[in-house]
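Report on the following structure.
The figures here come from the full heavy-atom set of this structure, side chains too, leaving out hydrogens, waters and symmetry mates. One is the number of the first residue; the rest follow in order along the sequence.
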Amino acid sequence: MNRLFGNFVSGPGAVGLLILRIIAGAAMMQHGWGKIQSPFGWMGPGAPVPGFLQALAALSEFGGGLAWILGLLTPVASFGMLCTMAVAASIHVSKGDPWVGAGGPSYEPALGYLAVSLMLMLVGPGALSLDALLFGKRRETAERPAAQQVTAS
């Protein structure tokens, strides 16, 4: 797990990351709610994506949104979300949808969530997260040089 988590951002940055995770996570859970109700067929008949990948997208949106809110396994959830949003954006682009749709489909939301996913993968969830609680202290102890561990005991 040490490779998944670097230093956890603290202070005002942690508060900003918490707010971003809650808002983006709640929005992604809402986007995924209808999909998780029919995970293998939410795109309807003739979908350009097989049912198995539709289920992964539904799980990534709903479960990934919950993971963002909690700050739990954030890099893993963000990677799944990044992949889902890359596919979603490419489908919208291939259909000829505009960047910003005036009341219609567009690929702006997919790229926005892709950017949030990438940011959370690179920066992490911050100190106000379950990841920091579960993996932060153990990582600090493991990374401390042996001499410091002996003197700290």
Side-chain angles (χ1 to χ4, degrees), residues 1-136 138-140 143:
M1 285 295 197
N2 292 345
R3 291 182 183 200
L4 283 178
F5 303 103
N7 295 328
F8 291 96
V9 174
S10 59
V15 174
L17 286 168
L18 175 64
I19 292 168
L20 176 69
R21 287 189 353 253
I22 290 171
I23 292 170
M28 285 314 303
M29 284 184 74
Q30 185 171 353
H31 279 285
W33 177 248
K35 297 170 186 162
I36 207 79
Q37 303 302 311
S38 177
F40 294 95
W42 59 267
M43 292 180 91
V49 179
F52 174 72
L53 293 179
Q54 291 180 51
L56 284 178
L59 178 64
S60 135
E61 289 184 16
F62 187 78
L66 180 60
W68 277 357
I69 290 171
L70 299 173
L72 180 64
L73 298 175
T74 307
V76 175
S78 296
F79 179 73
M81 194 79 72
L82 184 136
C83 293
T84 300
M85 293 301 111
V87 170
S90 69
I91 289 172
H92 282 286
V93 168
S94 71
K95 286 180 170 179
D97 292 341
W99 162 251
V100 177
S106 72
Y107 57 96
E108 173 196 8
L111 289 183
Y113 289 118
L114 186 144
V116 171
S117 300
L118 183 61
M119 196 270 315
L120 287 172
M121 280 179 61
L122 296 175
V123 176
L128 301 174
S129 66
L130 287 178
D131 285 339
L133 181 68
L134 295 172
F135 306 114
R138 198 174 320 160
R139 189 192 77 253
E140 291 170 6
E143 290 178 358

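One distance of note links CD of Q54 with CZ of F40; it measures 9.5 Å at 0.5 Å rounding. With values rounded to the nearest 0.5 angstrom, D97 atom CG is found 6.0 Å from H92 atom NE2. Here the OG-CE distance, from S60 to M85, works out to 6.0 Å after rounding to the nearest 0.5 Å.
Taking the side chain as every heavy atom from C-beta outward, I36 and E61 never approach each other to under 4.5 Å. Taking the side chain as every heavy atom from C-beta outward, M43 and I91 approach each other to under 4.5 Å. The shortest side-chain heavy-atom distance between L128 and L17 does not fall under the 4.5 Å cut-off. Between T74 and L130, the closest side-chain pair of non-hydrogen atoms is not below 4.5 Å. Between I69 and M29 there is a side-chain heavy-atom pair separated by less than 4.5 Å. Here the side chains of L120 and M81 are not in contact, with every heavy-atom distance at 4.5 Å or above. In this structure, F8 and P125 have side chains that are in contact, with non-hydrogen atoms separated by less than 4.5 Å. Using a 4.5 Å heavy-atom cutoff, the side chains of R21 and S129 are in contact.
A donor-acceptor contact under 3.5 angstrom links the side chains of W68 and S78, judged on distance only.
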Next on the checklist: side-chain contact (heavy atoms from CB on, under 4.5 Å), that's the test. Do L56 and T84 meet it? Break it down for me.
Outcome noted: CA-CA 8 Å; L56 284 178; T84 300; over 6 Å; no

Item to check | Criterion side-chain contact (heavy atoms from CB on, under 4.5 Å) on L73 and F135, from CA distance to verdict | outcome: CA-CA 10 Å; L73 298 175; F135 306 114; 4.3 Å; yes

Next on the checklist: One pair to check against side-chain contact (heavy atoms from CB on, under 4.5 Å): M28 and V116. What are the steps and the verdict?
Outcome noted: CA-CA 11 Å; M28 285 314 303; V116 171; over 6 Å; no

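The minimum heavy-atom distance between A127 and A132, with the atom names listed, is O-CB, 3.5 Å. In terms of heavy-atom proximity, A110 sits nearest to A88 at CB-CB, 4.0 Å. Contact between P39 and W42 at its shortest, heavy atoms only, is O-CD1, 3.3 Å.
Using cut-offs of 30° and 60° for the angle between ring planes, the W33 and F62 rings count as tilted.
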